Amino acid sequence: MNQNSKSSRGIGTSGFVMRLIGALILVLVTYNPSGHSAWHWITEAISQSEFGPVDLILVAVLLIGWAVFWIASWRALGVLGVALVAVLIGALVWLLVDIGWINTESDSALTWIMLVAVAVLLAVGVSWSHFWRRMTGQLNVEDVND
């Protein structure tokens, strides 16, 4: 077995976890209710008329990250797939709330739950081609030159 086939088939749980961590970083750096996020930094800079090149670089990097994750997710899952993954995540959150593992009493808690749900959706989206290849043995057209 050559290295290319080994690396393309070796995508497993650790690959998904790395994509999930990347998605969480992207989502939580963009916004989180703690007050320490790019959203807070940028809005404060704008309100104080101190928006500068470092702020613009941060915005550009975040926009690039969002574009990569959303385009990959949308292409891999499509409308139906995004809807189904969103329903599944919603049902899992509902189950965790129902059995008491998640407390939704505060707006902050609900915001954190939604942010993590978005990150999970993005991670599933960017991982879907790898899952599909492992489940079916079929390559996506975009994967032919791997």
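Just so it is clear, the model here is predicted, and its values are computed rather than measured.
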Does [X] reach the side chain of [Y], with side-chain heavy atoms less than 4.5 Å apart?
| X | Y | answer |
| --- | --- | --- |
| Ile99 | Leu96 | yes |
| Val124 | Phe16 | yes |
| Leu115 | Pro33 | yes |

With sequence neighbours excluded, residues passing side chain to side chain contact (heavy atoms under 4.5 Å, CB included) with [X]:
| X | result |
| --- | --- |
| Ala38 | Leu58, Leu62 |
| Ser49 | none |
| Val61 | Ile57 |
| Ala72 | Val126 |

### Task
Please collect all ring pair (Phe, Tyr, Trp, His ring centres under 6.0 Å) contacts where either partner lies in residues 40-59, sequence neighbours excluded, each pair once.
Tyr31-His40
### Summary
Shortest non-hydrogen pair, Asp55 vs Ala45, comes out as OD2-CB, 3.8 Å
### Task
Could you note down all residue pairs passing side chain to side chain donor-acceptor pair (under 3.5 Å) where residues 90-101 supplies at least one of them, sequence neighbours left out?
none
### Query
Under 6.0 Å from the CD atom of Glu105, do we count more than 12 heavy atoms belonging to anything else shown?
no
What about [X] and [Y], same hydrophobic cluster or not, with Ile/Leu/Val/Met/Phe/Trp/Tyr joined at side-chain heavy-atom distances under 4.5 Å?
| X | Y | result |
| --- | --- | --- |
| Ile21 | Val29 | yes |
| Val59 | Ile25 | yes |
| Leu121 | Trp74 | yes |

